[in-house]
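Each remark here refers to the structure printed beneath this line.
Just so we're clear, the structure is a prediction, and the values are computed from it rather than from any experiment. In listed order, ligands and their atoms are each counted from 1.
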Amino acid sequence: MSSAVSASGRPDPQDEVVSICRDLLRIDTTNPGDGSGPGERAAAELVAELLAEVGLEPQLFESEPGRASVVVRVEGDPAGTAERGALLLHGHLDVVPARADDWSVHPFSGEVTTETTDDPETPEQEFLWGRGAVDMKDMDAMLLAVVRDLVRRGERPPRDLVLAFMADEEAGGVKGAHWLVDHHAGLFEGVTAAVSEVGGFSTTIGTGSSAQRTYLLQTAEKGIAWLRLVAHGRAGHGSQVNTDNAVTRLCEAVARIGSHPWPVEVTPTVRAFLDGVTDITGVEFDPADPSALLDQLGTTARWVGATLRDTANPTLLEAGYKHNVIPGTATALLDCRFLPGHEERLVETVRELAGEGVEVQDVHRDVALETDFAVPLVDRMVEALHAEDPGARVLPYCLSGGTDNKSFSQLGIPGYGFAPLRLPAGLDFAGLFHGVDERVPLDALRFGTRVLQRFVASA
Ligand SMILES: [Zn+2]
(Lines give C-alpha, C1' and ligand atoms only; values in the text may rest on other atoms or scores of the structure.)
Protein backbone atom coordinates (compact mmCIF):
# COMPACT_ATOMS: atom_id res chain seq x y z
CA MET A 1 0.00 0.00 0.00
CA SER A 2 1.50 3.34 -0.95
CA SER A 3 1.31 6.10 1.61
CA ALA A 4 -0.70 9.00 0.28
CA VAL A 5 0.79 12.37 1.00
CA SER A 6 -1.43 15.24 2.08
CA ALA A 7 -1.37 18.71 0.54
CA SER A 8 1.10 19.75 3.25
CA GLY A 9 3.64 17.23 1.96
CA ARG A 10 3.39 15.12 5.12
CA PRO A 11 2.24 11.50 4.95
CA ASP A 12 -1.37 11.12 6.05
CA PRO A 13 -1.56 9.29 9.42
CA GLN A 14 -4.77 7.61 8.27
CA ASP A 15 -2.81 5.88 5.53
CA GLU A 16 0.22 5.26 7.69
CA VAL A 17 -1.82 3.48 10.34
CA VAL A 18 -2.87 0.86 7.80
CA SER A 19 0.59 0.26 6.37
CA ILE A 20 2.24 0.18 9.81
CA CYS A 21 -0.36 -2.24 11.16
CA ARG A 22 0.05 -4.47 8.10
CA ASP A 23 3.85 -4.47 8.46
CA LEU A 24 3.58 -5.38 12.15
CA LEU A 25 1.09 -8.18 11.42
CA ARG A 26 3.49 -9.70 8.89
CA ILE A 27 6.11 -10.15 11.62
CA ASP A 28 5.43 -13.34 13.59
CA THR A 29 5.73 -12.44 17.29
CA THR A 30 3.96 -15.52 18.63
CA ASN A 31 4.33 -15.91 22.38
CA PRO A 32 3.44 -19.47 23.43
CA GLY A 33 4.42 -18.62 27.02
CA ASP A 34 7.16 -21.26 27.31
CA GLY A 35 9.97 -19.26 25.69
CA SER A 36 9.81 -21.24 22.43
CA GLY A 37 8.49 -18.41 20.21
CA PRO A 38 10.41 -16.16 17.81
CA GLY A 39 10.38 -13.22 20.26
CA GLU A 40 9.49 -9.61 19.59
CA ARG A 41 12.90 -8.34 18.42
CA ALA A 42 12.02 -7.92 14.73
CA ALA A 43 8.82 -6.00 15.54
CA ALA A 44 10.63 -3.92 18.16
CA GLU A 45 13.29 -2.98 15.59
CA LEU A 46 10.60 -1.86 13.14
CA VAL A 47 8.93 0.24 15.85
CA ALA A 48 12.26 1.81 16.84
CA GLU A 49 12.97 2.58 13.16
CA LEU A 50 9.58 4.25 12.71
CA LEU A 51 10.18 6.41 15.78
CA ALA A 52 13.78 7.26 14.86
CA GLU A 53 12.75 8.15 11.30
CA VAL A 54 10.90 11.24 12.57
CA GLY A 55 13.75 12.26 14.86
CA LEU A 56 12.78 10.63 18.15
CA GLU A 57 15.34 8.67 20.18
CA PRO A 58 13.78 5.33 21.09
CA GLN A 59 15.56 2.86 23.39
CA LEU A 60 15.34 -0.87 22.81
CA PHE A 61 15.54 -3.18 25.82
CA GLU A 62 15.96 -6.94 25.86
CA SER A 63 14.97 -8.84 29.01
CA GLU A 64 16.64 -11.84 27.36
CA PRO A 65 17.84 -12.46 23.80
CA GLY A 66 15.01 -11.73 21.36
CA ARG A 67 12.52 -10.52 23.98
CA ALA A 68 12.54 -6.84 23.10
CA SER A 69 10.56 -3.79 24.20
CA VAL A 70 10.86 -0.19 22.95
CA VAL A 71 10.40 2.99 24.99
CA VAL A 72 10.59 6.62 23.93
CA ARG A 73 9.76 9.91 25.60
CA VAL A 74 8.23 12.77 23.59
CA GLU A 75 8.77 16.09 25.25
CA GLY A 76 5.59 18.00 25.92
CA ASP A 77 4.64 21.41 27.22
CA PRO A 78 6.60 21.93 30.47
CA ALA A 79 3.68 23.69 32.17
CA GLY A 80 1.27 20.86 31.34
CA THR A 81 3.82 18.28 32.47
CA ALA A 82 4.42 20.13 35.73
CA GLU A 83 0.69 20.28 36.34
CA ARG A 84 -0.51 16.84 35.21
CA GLY A 85 2.64 14.73 34.92
CA ALA A 86 3.56 12.58 31.92
CA LEU A 87 1.14 10.29 30.09
CA LEU A 88 2.13 6.71 29.26
CA LEU A 89 0.74 5.27 26.02
CA HIS A 90 1.58 1.59 25.71
CA GLY A 91 0.94 -1.51 23.66
CA HIS A 92 2.34 -5.03 23.45
CA LEU A 93 4.13 -6.48 20.44
CA ASP A 94 3.62 -10.19 21.13
CA VAL A 95 0.59 -12.19 20.01
CA VAL A 96 -0.96 -15.49 21.07
CA PRO A 97 -0.32 -18.51 18.81
CA ALA A 98 -2.45 -19.00 15.68
CA ARG A 99 -2.84 -22.30 13.81
CA ALA A 100 -2.81 -21.39 10.12
CA ASP A 101 -4.94 -24.45 9.20
CA ASP A 102 -7.85 -23.07 11.26
CA TRP A 103 -7.82 -19.69 9.53
CA SER A 104 -9.50 -18.51 6.30
CA VAL A 105 -6.32 -16.56 5.37
CA HIS A 106 -2.80 -17.01 6.73
CA PRO A 107 -2.53 -15.39 10.20
CA PHE A 108 0.72 -13.57 9.31
CA SER A 109 -0.26 -12.49 5.79
CA GLY A 110 -1.52 -8.98 6.53
CA GLU A 111 -4.06 -9.49 3.74
CA VAL A 112 -6.90 -7.04 3.06
CA THR A 113 -10.32 -8.33 2.03
CA THR A 114 -13.72 -6.73 1.49
CA GLU A 115 -16.68 -8.11 3.42
CA THR A 116 -20.35 -7.30 3.71
CA THR A 117 -21.44 -6.55 7.27
CA ASP A 118 -24.75 -6.55 9.19
CA ASP A 119 -24.40 -2.81 9.73
CA PRO A 120 -26.63 -0.71 7.42
CA GLU A 121 -24.33 2.32 8.06
CA THR A 122 -21.31 0.42 6.71
CA PRO A 123 -22.65 -2.42 4.55
CA GLU A 124 -19.20 -3.03 3.04
CA GLN A 125 -15.94 -2.90 4.96
CA GLU A 126 -12.32 -3.59 4.14
CA PHE A 127 -10.64 -5.76 6.77
CA LEU A 128 -6.94 -6.18 7.54
CA TRP A 129 -6.23 -9.74 8.66
CA GLY A 130 -3.71 -11.20 11.03
CA ARG A 131 -2.98 -12.47 14.50
CA GLY A 132 -2.72 -9.28 16.55
CA ALA A 133 -5.12 -7.26 14.35
CA VAL A 134 -7.19 -6.39 17.45
CA ASP A 135 -4.81 -7.63 20.18
CA MET A 136 -3.02 -5.33 19.79
CA LYS A 137 -0.94 -4.38 16.78
CA ASP A 138 -3.90 -2.18 15.80
CA MET A 139 -3.28 0.10 18.78
CA ASP A 140 0.50 -0.09 18.32
CA ALA A 141 0.01 1.18 14.76
CA MET A 142 -2.44 3.90 15.81
CA LEU A 143 -0.02 5.19 18.47
CA LEU A 144 2.87 5.19 16.00
CA ALA A 145 0.84 6.98 13.30
CA VAL A 146 -0.38 9.60 15.78
CA VAL A 147 3.03 10.31 17.29
CA ARG A 148 4.87 10.34 13.95
CA ASP A 149 2.37 12.90 12.66
CA LEU A 150 2.63 15.00 15.82
CA VAL A 151 6.42 15.12 15.61
CA ARG A 152 6.43 15.80 11.85
CA ARG A 153 4.15 18.75 12.42
CA GLY A 154 6.61 20.08 14.96
CA GLU A 155 3.82 20.16 17.52
CA ARG A 156 4.46 19.74 21.18
CA PRO A 157 1.95 17.58 23.07
CA PRO A 158 0.29 19.31 26.05
CA ARG A 159 2.43 17.20 28.38
CA ASP A 160 5.26 14.66 28.18
CA LEU A 161 4.32 11.40 26.48
CA VAL A 162 6.05 8.11 27.20
CA LEU A 163 5.44 5.52 24.49
CA ALA A 164 6.18 1.91 25.33
CA PHE A 165 5.85 -1.15 23.09
CA MET A 166 6.24 -4.28 25.15
CA ALA A 167 7.28 -7.89 24.90
CA ASP A 168 5.53 -10.76 26.67
CA GLU A 169 2.13 -9.31 27.64
CA GLU A 170 0.43 -12.54 26.61
CA ALA A 171 2.40 -14.45 29.24
CA GLY A 172 1.82 -11.98 32.07
CA GLY A 173 4.49 -9.42 31.08
CA VAL A 174 7.26 -11.12 33.09
CA LYS A 175 9.75 -10.50 30.23
CA GLY A 176 8.14 -7.22 29.16
CA ALA A 177 6.29 -4.68 31.31
CA HIS A 178 7.08 -6.30 34.67
CA TRP A 179 10.76 -6.54 33.69
CA LEU A 180 10.87 -2.88 32.58
CA VAL A 181 9.19 -1.76 35.81
CA ASP A 182 11.65 -3.83 37.89
CA HIS A 183 14.83 -2.87 35.99
CA HIS A 184 14.16 0.50 34.35
CA ALA A 185 11.54 2.24 36.49
CA GLY A 186 13.26 5.56 35.68
CA LEU A 187 11.76 5.42 32.17
CA PHE A 188 8.36 6.05 33.74
CA GLU A 189 9.47 8.88 36.02
CA GLY A 190 6.67 11.42 36.46
CA VAL A 191 4.04 9.32 34.68
CA THR A 192 0.63 9.84 36.29
CA ALA A 193 -1.65 7.77 34.02
CA ALA A 194 -1.40 4.99 31.44
CA VAL A 195 -3.55 4.29 28.39
CA SER A 196 -3.61 1.01 26.46
CA GLU A 197 -5.95 -1.96 25.71
CA VAL A 198 -8.71 -3.32 26.16
CA GLY A 199 -11.33 -0.59 25.79
CA GLY A 200 -12.51 2.18 23.49
CA PHE A 201 -14.17 -0.22 21.04
CA SER A 202 -17.81 0.13 20.07
CA THR A 203 -20.49 -2.44 20.69
CA THR A 204 -24.24 -2.41 20.24
CA ILE A 205 -26.21 -2.29 23.47
CA GLY A 206 -29.93 -2.99 23.35
CA THR A 207 -32.00 -4.50 20.61
CA GLY A 208 -34.50 -3.13 18.09
CA SER A 209 -35.35 0.54 18.59
CA SER A 210 -33.27 0.78 21.78
CA ALA A 211 -30.09 -0.40 19.99
CA GLN A 212 -27.34 2.12 20.71
CA ARG A 213 -23.70 2.21 19.59
CA THR A 214 -21.74 2.38 22.83
CA TYR A 215 -18.02 2.65 23.47
CA LEU A 216 -16.66 0.77 26.46
CA LEU A 217 -13.81 2.42 28.35
CA GLN A 218 -11.88 0.05 30.53
CA THR A 219 -11.41 1.42 34.03
CA ALA A 220 -11.03 -1.86 35.93
CA GLU A 221 -9.66 -5.34 35.37
CA LYS A 222 -9.93 -8.59 37.27
CA GLY A 223 -6.92 -10.06 39.03
CA ILE A 224 -5.26 -13.37 38.23
CA ALA A 225 -4.58 -16.32 40.55
CA TRP A 226 -3.14 -19.27 38.67
CA LEU A 227 -3.14 -22.08 41.23
CA ARG A 228 -1.98 -25.69 41.25
CA LEU A 229 -3.78 -28.42 43.20
CA VAL A 230 -1.62 -31.30 44.39
CA ALA A 231 -3.55 -34.24 45.83
CA HIS A 232 -1.67 -36.78 47.90
CA GLY A 233 -2.61 -40.42 48.54
CA ARG A 234 -1.30 -43.94 49.00
CA ALA A 235 0.45 -45.33 45.93
CA GLY A 236 -0.12 -48.96 45.13
CA HIS A 237 -1.28 -51.75 42.81
CA GLY A 238 -4.27 -50.92 40.65
CA SER A 239 -5.96 -54.24 41.53
CA GLN A 240 -6.22 -53.54 45.27
CA VAL A 241 -8.74 -51.71 47.41
CA ASN A 242 -7.48 -48.14 47.92
CA THR A 243 -9.54 -45.63 49.91
CA ASP A 244 -6.67 -43.13 49.82
CA ASN A 245 -6.36 -42.67 46.04
CA ALA A 246 -4.78 -39.36 44.95
CA VAL A 247 -6.57 -39.37 41.57
CA THR A 248 -10.00 -39.80 43.20
CA ARG A 249 -9.20 -37.09 45.75
CA LEU A 250 -8.01 -34.67 43.06
CA CYS A 251 -11.06 -35.27 40.88
CA GLU A 252 -13.43 -34.65 43.80
CA ALA A 253 -11.63 -31.40 44.59
CA VAL A 254 -11.66 -30.31 40.91
CA ALA A 255 -15.37 -31.10 40.63
CA ARG A 256 -16.20 -29.07 43.78
CA ILE A 257 -14.18 -26.08 42.61
CA GLY A 258 -15.29 -26.22 38.98
CA SER A 259 -18.98 -26.33 39.86
CA HIS A 260 -18.87 -23.85 42.75
CA PRO A 261 -21.60 -21.20 42.32
CA TRP A 262 -19.57 -18.02 42.87
CA PRO A 263 -22.01 -15.34 44.04
CA VAL A 264 -22.86 -12.33 41.86
CA GLU A 265 -21.15 -9.26 43.34
CA VAL A 266 -21.27 -5.84 41.75
CA THR A 267 -18.16 -3.63 42.01
CA PRO A 268 -18.40 0.17 41.46
CA THR A 269 -17.23 -0.02 37.81
CA VAL A 270 -19.61 -2.83 36.99
CA ARG A 271 -22.41 -0.93 38.76
CA ALA A 272 -21.76 2.15 36.62
CA PHE A 273 -21.77 -0.04 33.50
CA LEU A 274 -25.00 -1.84 34.44
CA ASP A 275 -26.73 1.46 35.30
CA GLY A 276 -25.74 2.75 31.85
CA VAL A 277 -27.17 -0.34 30.16
CA THR A 278 -30.41 0.05 32.12
CA ASP A 279 -30.55 3.69 31.05
CA ILE A 280 -30.19 2.72 27.37
CA THR A 281 -32.48 -0.32 27.33
CA GLY A 282 -34.89 0.11 30.25
CA VAL A 283 -33.96 -3.41 31.42
CA GLU A 284 -33.13 -3.54 35.14
CA PHE A 285 -30.30 -5.68 36.48
CA ASP A 286 -31.50 -8.60 38.61
CA PRO A 287 -28.60 -10.20 40.56
CA ALA A 288 -30.64 -13.40 40.86
CA ASP A 289 -30.98 -13.59 37.07
CA PRO A 290 -28.33 -11.53 35.24
CA SER A 291 -29.26 -13.09 31.90
CA ALA A 292 -32.10 -10.63 31.07
CA LEU A 293 -29.66 -7.73 31.09
CA LEU A 294 -26.77 -9.70 29.53
CA ASP A 295 -29.09 -10.49 26.61
CA GLN A 296 -28.98 -6.76 25.77
CA LEU A 297 -25.22 -6.84 25.27
CA GLY A 298 -24.87 -9.06 22.22
CA THR A 299 -21.41 -10.56 21.80
CA THR A 300 -19.96 -8.41 24.61
CA ALA A 301 -22.02 -10.41 27.15
CA ARG A 302 -19.22 -13.00 27.28
CA TRP A 303 -16.82 -10.43 28.72
CA VAL A 304 -19.29 -8.70 31.00
CA GLY A 305 -20.76 -11.91 32.41
CA ALA A 306 -17.37 -12.82 33.84
CA THR A 307 -17.10 -9.49 35.67
CA LEU A 308 -20.16 -10.14 37.83
CA ARG A 309 -18.39 -12.74 39.96
CA ASP A 310 -15.08 -14.39 40.74
CA THR A 311 -14.28 -17.45 38.62
CA ALA A 312 -12.17 -20.59 39.11
CA ASN A 313 -11.79 -22.82 36.07
CA PRO A 314 -9.88 -26.12 36.12
CA THR A 315 -7.76 -26.17 32.94
CA LEU A 316 -5.27 -29.05 33.15
CA LEU A 317 -5.01 -32.48 34.86
CA GLU A 318 -1.94 -34.62 35.36
CA ALA A 319 -1.54 -37.96 37.18
CA GLY A 320 -0.24 -41.48 36.82
CA TYR A 321 2.31 -43.30 34.70
CA LYS A 322 0.90 -46.83 34.16
CA HIS A 323 -2.57 -48.32 33.77
CA ASN A 324 -2.26 -50.69 36.78
CA VAL A 325 -0.35 -48.41 39.15
CA ILE A 326 -2.10 -45.96 41.53
CA PRO A 327 0.10 -42.83 41.70
CA GLY A 328 0.96 -41.17 45.01
CA THR A 329 0.12 -37.68 43.73
CA ALA A 330 -2.15 -36.05 41.18
CA THR A 331 -2.16 -32.41 40.08
CA ALA A 332 -4.55 -29.96 38.44
CA LEU A 333 -4.16 -26.36 37.28
CA LEU A 334 -6.78 -23.72 38.03
CA ASP A 335 -7.24 -20.40 36.22
CA CYS A 336 -8.87 -18.19 38.86
CA ARG A 337 -9.86 -14.55 38.27
CA PHE A 338 -10.95 -12.32 41.12
CA LEU A 339 -12.75 -9.00 41.28
CA PRO A 340 -10.98 -6.01 42.90
CA GLY A 341 -10.71 -6.67 46.65
CA HIS A 342 -11.55 -10.37 46.39
CA GLU A 343 -8.11 -11.98 46.11
CA GLU A 344 -7.71 -13.43 49.59
CA ARG A 345 -11.33 -14.53 49.76
CA LEU A 346 -11.13 -16.37 46.43
CA VAL A 347 -7.95 -18.24 47.39
CA GLU A 348 -9.41 -19.08 50.82
CA THR A 349 -12.58 -20.44 49.20
CA VAL A 350 -10.52 -22.57 46.80
CA ARG A 351 -8.56 -23.98 49.76
CA GLU A 352 -11.78 -24.90 51.58
CA LEU A 353 -13.25 -26.52 48.47
CA ALA A 354 -10.00 -28.42 47.78
CA GLY A 355 -10.35 -30.13 51.14
CA GLU A 356 -8.00 -32.31 53.13
CA GLY A 357 -5.07 -33.98 51.43
CA VAL A 358 -5.03 -31.46 48.59
CA GLU A 359 -2.41 -28.72 48.63
CA VAL A 360 -3.12 -25.39 46.93
CA GLN A 361 0.05 -23.89 45.46
CA ASP A 362 0.62 -20.47 43.86
CA VAL A 363 1.84 -20.51 40.25
CA HIS A 364 1.28 -16.87 39.28
CA ARG A 365 -0.69 -14.04 40.79
CA ASP A 366 -1.37 -10.51 39.63
CA VAL A 367 -3.46 -7.69 41.02
CA ALA A 368 -6.99 -6.59 40.18
CA LEU A 369 -7.35 -2.94 39.22
CA GLU A 370 -10.10 -0.38 39.61
CA THR A 371 -9.58 3.27 38.74
CA ASP A 372 -11.78 6.32 38.91
CA PHE A 373 -14.07 7.06 35.96
CA ALA A 374 -14.77 10.62 37.10
CA VAL A 375 -11.39 12.15 36.22
CA PRO A 376 -10.45 14.80 33.60
CA LEU A 377 -8.43 12.26 31.57
CA VAL A 378 -11.54 10.14 31.01
CA ASP A 379 -13.47 13.29 30.08
CA ARG A 380 -10.85 13.91 27.37
CA MET A 381 -11.37 10.36 26.05
CA VAL A 382 -15.14 10.80 25.98
CA GLU A 383 -14.83 14.20 24.22
CA ALA A 384 -12.50 12.73 21.58
CA LEU A 385 -14.96 9.89 20.90
CA HIS A 386 -17.93 12.25 20.72
CA ALA A 387 -16.10 14.55 18.30
CA GLU A 388 -15.79 11.62 15.86
CA ASP A 389 -19.07 9.83 16.68
CA PRO A 390 -21.49 12.43 18.10
CA GLY A 391 -24.49 10.22 18.86
CA ALA A 392 -22.62 7.46 20.66
CA ARG A 393 -22.73 6.54 24.35
CA VAL A 394 -19.63 5.87 26.43
CA LEU A 395 -19.64 3.59 29.48
CA PRO A 396 -16.93 2.38 31.87
CA TYR A 397 -16.44 -1.36 32.15
CA CYS A 398 -14.35 -3.99 33.89
CA LEU A 399 -12.18 -6.36 31.81
CA SER A 400 -12.36 -10.02 32.78
CA GLY A 401 -8.77 -10.57 31.58
CA GLY A 402 -5.56 -8.71 32.40
CA THR A 403 -3.27 -6.18 30.69
CA ASP A 404 0.17 -4.63 31.18
CA ASN A 405 -1.58 -1.95 33.26
CA LYS A 406 -1.11 -4.41 36.15
CA SER A 407 2.67 -3.95 35.90
CA PHE A 408 2.48 -0.17 35.79
CA SER A 409 0.14 -0.14 38.80
CA GLN A 410 3.22 -1.20 40.81
CA LEU A 411 4.58 2.28 40.14
CA GLY A 412 1.31 3.81 41.34
CA ILE A 413 0.19 4.56 37.76
CA PRO A 414 -3.56 4.17 37.18
CA GLY A 415 -4.30 2.50 33.84
CA TYR A 416 -7.14 2.85 31.34
CA GLY A 417 -8.15 0.76 28.32
CA PHE A 418 -8.71 3.14 25.41
CA ALA A 419 -7.81 1.78 21.98
CA PRO A 420 -10.65 3.39 20.03
CA LEU A 421 -12.32 1.41 17.24
CA ARG A 422 -15.66 2.13 15.66
CA LEU A 423 -16.82 -1.34 14.66
CA PRO A 424 -19.66 -2.49 12.39
CA ALA A 425 -22.73 -3.57 14.37
CA GLY A 426 -22.91 -7.33 14.67
CA LEU A 427 -19.13 -7.92 14.51
CA ASP A 428 -18.17 -10.45 17.20
CA PHE A 429 -15.30 -8.37 18.55
CA ALA A 430 -14.88 -10.35 21.78
CA GLY A 431 -14.67 -13.52 19.67
CA LEU A 432 -11.76 -12.10 17.62
CA PHE A 433 -9.52 -11.80 20.70
CA HIS A 434 -7.30 -14.89 20.67
CA GLY A 435 -9.82 -16.37 18.19
CA VAL A 436 -9.47 -17.57 14.61
CA ASP A 437 -9.77 -15.12 11.69
CA GLU A 438 -8.70 -12.10 13.76
CA ARG A 439 -9.08 -8.97 11.65
CA VAL A 440 -9.78 -5.27 11.95
CA PRO A 441 -11.75 -2.92 9.67
CA LEU A 442 -9.51 -0.35 7.97
CA ASP A 443 -12.12 2.32 8.74
CA ALA A 444 -11.87 1.41 12.43
CA LEU A 445 -8.09 1.93 12.36
CA ARG A 446 -8.56 5.32 10.69
CA PHE A 447 -11.30 6.26 13.16
CA GLY A 448 -9.13 5.25 16.11
CA THR A 449 -6.23 7.29 14.76
CA ARG A 450 -8.41 10.41 14.52
CA VAL A 451 -9.79 9.87 18.03
CA LEU A 452 -6.31 9.34 19.48
CA GLN A 453 -5.02 12.45 17.69
CA ARG A 454 -7.74 14.47 19.41
CA PHE A 455 -7.14 12.77 22.74
CA VAL A 456 -3.36 13.22 22.69
CA ALA A 457 -3.76 16.88 21.69
CA SER A 458 -6.05 17.53 24.67
CA ALA A 459 -4.67 15.23 27.37
ZN1 LIG B 1 -3.58 -7.73 24.41
Q: Measure from the Zn ion (ligand 1) to each N, O or S atom of Asp135 and report whether any distance is below 2.8 Å.
A: yes
Q.
Under 2.8 Å from the Zn ion (ligand 1) - does any N, O or S atom of Glu169 fall there?
A. no
How are the rings of [X] and [Y] set to each other: parallel, tilted or perpendicular (split at 30° and 60°)?
X      : Y      : value
Trp179 : His184 : tilted
His364 : Trp226 : tilted
Phe429 : Phe201 : tilted
Trp262 : His260 : perpendicular

Q: Have a look at Glu197 and say which of its N, O or S atoms is nearest the Zn ion (ligand 1).
A: OE1
